[in-house]
Amino acid sequence: QLQLVESGGASVQPGGSLKLSCAASGSPSDYYSIGWFWQAPGKWREFVASISSSGDSTLVAASVKGRFAISRDNALNTAFLFMKTLKPEDTAVYLCAADMVYSDTRAPLYGYWGQGTQVTVSS
């Protein structure tokens with residue numbers, strides 16, 4: 001029922017910034033939390049950030065805290081990931097996912113996923 005579509009991935013230089021979007025449809029926005037994950041080649045899918053259904057609570061991975069921020073606009077049924085001061089190690093496919101508990105940080109706990117969007121940080 002729930003459909004998620006990511007967009008906004010691009011190739012940028014180190015120190016640059018990007019905004020990723022996660023558009024949702026098929027369920028009211030206040031019924032689910034949204035998590036962002038990343039997956040680099042040969043690596044496990046890893047938690048980046050999450051936000052509660054209301055937007056009142058967020059969780060950000062220690063590795064990106066201070067550089068990445070998550071938000072949502074439920075009127076638009078869209079969640080965002082704002083990224084700044086990007087580093088080469090941020091290169092990955094970024095995926096958004098829906099869950100009922102925003103504090104979940106393990107990928108298998110999320111039941112609905114988008115297709116992913118590629119972020120590449122290089123000179």
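One-based numbering along the sequence shown.
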If you draw the axis of the six-membered ring of Trp113, does the NZ or CZ of Arg45 fall within 45° of it and under 6.0 Å from the ring centre? yes
Is there a side-chain contact between [X] and [Y], using heavy atoms and a 4.5 Å cut-off?
X      : Y     : value
Ile70  : Phe80 : no
Leu95  : Val93 : yes
Val119 : Thr91 : no

Distance, nearest 0.5 Å, that separates [atom1] of [X] from [atom2] of [Y]:
X     : Y     : atom1 : atom2 : answer
Ile34 : Ser53 : CD1   : OG    : 10.0 Å
Leu81 : Ser50 : CG    : OG    : 11.0 Å
Ser17 : Phe82 : OG    : CZ    : 10.5 Å
Leu20 : Tyr94 : CG    : OH    : 7.5 Å
Gln3  : Ser27 : CD    : OG    : 12.5 Å
Thr78 : Arg72 : OG1   : CZ    : 9.5 Å

Tyr31, OH atom: more than 12 neighbouring heavy atoms under 6.0 Å: no
More than 12 non-hydrogen atoms from neighbouring residues, nucleotides or ligands closer than 6.0 Å to CD on Glu89, yes or no?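 More than 12 heavy atoms, drawn from other residues, nucleotides or ligands, come within 6.0 Å of this atom.
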Applying the 4.5 Å side-chain criterion to the ILVMFWY set and letting contacts propagate, would Val121 and Phe37 be lumped into a single cluster?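 In one cluster with Val121: Phe37, no.
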Answer with yes or no whether the hydrophobic clustering places Leu59 together with Val64; edges join I, L, V, M, F, W, Y residues whose side-chain heavy atoms lie under 4.5 Å apart. no
Which atom pair, heavy atoms only, marks the closest approach of [X] to [Y]?
X     : Y     : value
Cys22 : Trp36 : CB-CZ2, 3.6 Å
Arg67 : Thr85 : NH1-O, 3.0 Å
Leu2  : Ala98 : CD2-CB, 3.2 Å

Would you confirm whether the ring centroid of Tyr32 sits within less than 6.0 angstrom of the ring centroid of Tyr112? no
Please find out if less than 6.0 Å separates the ring center of Trp38 from that of Phe47. no
Any donor-acceptor pair under 3.5 Å from [X] side chain to [Y] backbone:
X     : Y      : result
Glu6  : Gln115 : yes
Ser33 : Ser52  : no
Asp73 : Ala75  : yes

Report the C-alpha separation of Leu86 and Leu18 in whole Å, then their side-chain angles, then the decisive distance to 0.1 Å, and conclude whether the side-chain contact (heavy atoms from CB on, under 4.5 Å) test is met. CA-CA 8 Å; Leu86 285 161; Leu18 280 175; 4.2 Å; yes
Identified side chain to side chain contact (heavy atoms under 4.5 Å, CB included) counterpart of Pro88 within the set Ser122, Ser123, Pro14: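 Going through Ser122, Ser123, Pro14 one by one, the side chain to side chain contact (heavy atoms under 4.5 Å, CB included) with Pro88 is satisfied by Pro14 alone.
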